[in-house]
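Notes for the one structure printed next.
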Amino acid sequence: MYANVVLDVPLAKAFDYHAPELTHADIGRRVLVPFGNKLRVGLVVGVSSQPEYASERIKALSAVLTDMPPLGEDLLQLFRFCSNYYQHPLGQVVFTALPGRLRDPKPFATRERWRYQLQSVQALIAQLPARAILQHRLASLLTEPRSEAEIRQISPGAWKIVREWLAAGWVTTVTEAPVSVSAEAGKPLNAEQQAAVAEIAAIRGFQPFLLFGITGSGKTEVYLEAIANVLRQGRQALVLVPEINLTPQLQSRFAGRFPGVNLVNLHSSVADAERAANWLQAARGEAAIVLGTRLSVFAPMPKLGIIVVDEEHDSSFKQQDGLRYSARDLAVWRAHQRQVPIVLGSATPSLESWYNAQNGRYRRLDLHQRAVAGAQPPNVRLISTKHVELQDGLHPFVWSELSERLSRREQVLVFVNRRGYSPVLFCGECGWMAACTQCTARMTVHLSERRLRCHYCGADSAIPRACPGCGNADLHPLGHGTQRLEAALSSRFPHARVLRVDRDTTRQKGSFESALDAVHGGKVDILVGTQMLAKGHDFPRLSLVVVVNADAGLYSADYRAAERLYAQLVQVSGRAGRAQISGDVLVQTDFAEHPLYAALVAQDFPAFADFQLADRRVAGFPPFRHQAVLRAEAAKLEIAMQFLQEATALAPDVSGVTIYDPVPASLTRLAGMERAHILIQSASRPALQNLLTTWQTSLRDIKTRQLRWALDVDPQEF
DNA sequence: AGCACGCCGACT
DNA sequence: GTCGGCGTGCTC
């Protein structure tokens, strides 16, 4: 027999190995094979008696690694689809999808999943010194069987103590009991939520749902109950969430709703070994719920019963390098493949999903009411900055609102999506502006550190004393970042406690959490921050949100900018008045007449989505057309452009597909590389796929010196 | 991606 | 005389 093996190499083919022992049952197994002059880990994607590679140079397979159950045919199909759709070599799809630890040839030791419990709690406690606080806490924890992970959560030293108790006979091990989900519900649901849960529960087979719920409408409760139904049938749930921020909170919501259920985490901050262990639990069907970021869409789940994608519009579901996949789209594909329902939730759905709901491919479930009784939606007002002299970047009315809130001892949030002191350093004499040498971008002034920094590549230099262009010593900062607003607010309100939260103030581990604690503990009056604060965090004492400088997204070259801006504004607005205080949102803008703001004030996402879709239809953009981008980058723009010209010449002629001229990327120079791209568009996805597949093979033959290129299917950013 | 083979410049 | 630059080609 011969094994057809894919490897983690950028080659769009599989390799044959002589493997007399293998059978079809070994498809999906990890193997060790000689490749070039060293051994590598590969994955068997086929077994046959006849090799495809007609050569005497076929080598023998070195070893079959049996520490992992073979990947199921469904997962292999997902990989193949992903490879074809995103024009990426199968081997590299497989090895981006597998946890890093499984790419290592070292066998992965799989421990039995024990739980640990105390035999005679009282006797042990009687023995413990009164001041051994940790041991007392552990003792009370272990009255119930607990997993190693739960024990380690208590403190770094906890596991060591349990091992000692185990040796001394205090603790016994219990094998993992099959999970039973308690039938009683978590929180009581309102009528809308119940209706949504019932609709989902009624589905047998594939059905995508778009759960459209305003901030605070309790989408999470709907996920939880829909999942509870699935768990009762002994099946698994896959939950995808955007990157890091939300996960710990959602994690505790889930853990609280499903005590004793094996819930497993699969995001990048989980350590390698644990990630692999969790992945294996999913593969064996032991993990009832898999909660993770985009990579989790590849988790093997033999008993999959439902998929949930929370904040489905979030851009972090799209990978921006390597295999440029959309986890949300793959999740829908997977739900279809496995014939299970999928719930896509958002207060501001992507226009793609909204359109799919309109044309009946998805079923929309609406939550209009805030789930907490009596909670009011925020009151959004526009503050026109046209023909008004701003004071330190803020409108006089905003200043007076701020001072009123402070006198009432209410918290306020000033949201500026721009860190640093000011985004431009400008010479009034000659017009010079500080620019990054490595990027097509201005340097941001960081006044407290007296540095100029590039926010794209991280370049850093001293603030010049005089203008390098004309020698003028009077350089001034233009525009307002978080640092500058923080300074202005502190000097205007010397008694207020101002806290700035952005990437610069939260660089250290745990500092973001301690900032949140300070806010919750009422130790902060004015919060100044970037979008870090926009997502998912509840600030019950916050009564006013001020949004500064939102306009950049309105007239951007990127047609998705408005959509992103709207989602972000809804998200920050949701920070105001979550509890009993009704919140106000003031949006400072030069374009108060823009329809985006009209929809925002009316809190009418459907209106926004409808006019955006109408624009897209006229312009021939997604979701009415499908797109791909061929990106190239090189040290010199000409090299990238020349490659793209050559590529254009090689492009097959497929009717119904338009290939546009090469253009430099909007941020042409980034970290010393100059970038350009070609846009490819078609109303027909098969036609587009067809072209890309044949084109790609000829692209690989172009000799590319000092140049990197990549195809990006369904691009999100330009 | 690695890694080897291969043909032209400055150095212990 | 060699060490080493990275261009080209191959990996079952």
Side-chain angles (χ1 to χ4, degrees), chain A residues 1-24 26-65 70-71 76 79-80 82-84 86-106 272 295 298 319-325 630-636 638-640 642-643 646-647 650 671-675 696-712:
Chain A
M1 289 297 250
Y2 294 88
N4 204 225
V5 175
V6 293
L7 298 157
D8 191 11
V9 288
L11 302 170
K13 57 176 169 185
F15 298 86
D16 286 331
Y17 288 90
H18 188 60
E21 313 281 274
L22 285 198
T23 71
H24 281 88
D26 293 303
I27 294 175
R29 273 229 125 95
R30 248 163 31 111
V31 290
L32 207 55
V33 293
F35 187 73
N37 55 3
K38 55 162 66 171
L39 290 179
R40 279 170 164 272
V41 176
L43 190 86
V44 179
V45 293
V47 169
S48 73
S49 51
Q50 210 56 37
E52 281 168 39
Y53 184 61
S55 164
E56 319 71 52
R57 292 191 304 178
I58 292 183
K59 296 180 185 172
L61 192 126
S62 305
V64 178
L65 304 172
L71 297 181
L76 291 176
F79 292 158
R80 282 196 198 95
C82 193
S83 166
N84 294 331
Y86 292 108
Q87 308 293 330
H88 206 68
L90 181 59
Q92 295 202 297
V93 170
V94 169
F95 285 91
T96 27
L98 289 182
R101 181 58 189 78
L102 292 170
R103 289 171 227 173
D104 189 326
K106 246 186 349 200
D272 261 11
L295 207 54
F298 297 114
Q319 180 138 75
Q320 295 292 1
D321 51 61
L323 170 61
R324 301 169 112 95
Y325 67 102
L630 175 60
R631 303 175 189 278
E633 63 173 52
K636 285 270 137 254
E638 301 77 71
I639 296 174
Q642 197 188 322
F643 166 81
E646 231 177 299
L650 284 174
M673 288 301 239
E674 304 199 317
R675 298 123 26 97
Q696 196 220 146
T697 27
S698 39
L699 288 178
R700 289 183 190 281
D701 293 336
I702 302 180
K703 54 179 164 56
T704 53
R705 301 193 318 276
Q706 321 272 305
L707 178 134
R708 287 156 50 87
W709 64 266
L711 274 170
D712 188 351

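As the structure is a computational prediction, the values presented were derived from the model and not from experiment. Order of the sequence lines sets the chain letters (A, B, ...), proteins ahead of strands, with each chain counted from 1. Basis for what follows: all heavy atoms, side chains included, without hydrogens, waters or symmetry-related copies.
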So, [X] side chain and [Y] main chain: donor-acceptor pair closer than 3.5 Å or not?
{"X": "A/Arg103", "Y": "A/Phe95", "value": "yes"}
{"X": "A/Arg631", "Y": "A/Arg675", "value": "no"}
{"X": "A/Ser83", "Y": "A/Pro89", "value": "no"}

Sequence neighbours excluded and cut-off under 3.5 Å, please list the side-chain donor-acceptor pairs for residues 6-23 of chain A, or say none.
{"from": "A/Asp16", "atom 1": "OD1", "to": "A/Asn4", "atom 2": "ND2", "distance (Å)": "2.7"}
{"from": "A/Asp16", "atom 1": "OD2", "to": "A/Glu52", "atom 2": "N", "distance (Å)": "2.7"}
{"from": "A/Asp16", "atom 1": "OD2", "to": "A/Tyr53", "atom 2": "N", "distance (Å)": "2.9"}
{"from": "A/Tyr17", "atom 1": "OH", "to": "A/Pro34", "atom 2": "O", "distance (Å)": "2.7"}
{"from": "A/Thr23", "atom 1": "OG1", "to": "A/Ala25", "atom 2": "N", "distance (Å)": "3.1"}

Who are the side-chain hydrogen bond (donor to acceptor under 3.5 Å, both in side chains) partners of A/Arg708, not counting sequence neighbours? none

Mind checking side-chain hydrogen bond (donor to acceptor under 3.5 Å, both in side chains) for A/Arg29 and listing every partner two or more places apart, or none if nothing turns up?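 In terms of side-chain hydrogen bond (donor to acceptor under 3.5 Å, both in side chains), with neighbours along the sequence ignored, A/Arg29 is linked to no residue.
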
Taking CD in A/Gln642 as the centre, count heavy atoms belonging to other residues, nucleotides or ligands within less than 6.0 Å. Is the count above 12? no

List in numerical order all residues of residues 31-46 of chain A for which some heavy atom is under 4.0 Å away from an atom belonging to DNA chain B.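 A/Asn37, A/Lys38, A/Arg40 - these, ordered by number, are the residues of the stretch whose heavy atoms sit under 4.0 Å from the strand.
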
Gap separating the CD atom of A/Gln319 from the OH atom of A/Tyr86, nearest 0.5 angstrom: 10.5 Å

Along DNA chain C, first and last positions that approach a heavy atom of chain A under 4.0 Å: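 Extent of the interface on DNA chain C: C/dT8 to C/dC12.
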
DNA chain B: first to last nucleotide in contact with chain A (atom under 4.0 angstrom from a heavy atom), 5' to 3', is B/dA1 to B/dA4

Is a donor from one side chain sitting under 3.5 angstrom from an acceptor on the other, for A/Gln320 and A/Arg324?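 Per modelled atom types, A/Gln320 and A/Arg324 side chains form no pair under 3.5 Å.
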
Checking all strands, does A/Leu11 fall into the base, sugar-phosphate, or nothing category for heavy-atom contacts under 4.0 angstrom?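 If one applies the 4.0 Å heavy-atom cut-off, A/Leu11 turns out to touch a base.
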
For residues A/Leu43 and A/Arg30, report the shortest heavy-atom separation together with the two atoms involved.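 In terms of heavy atoms, the two residues are closest at CD1-N, 4.1 Å.
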
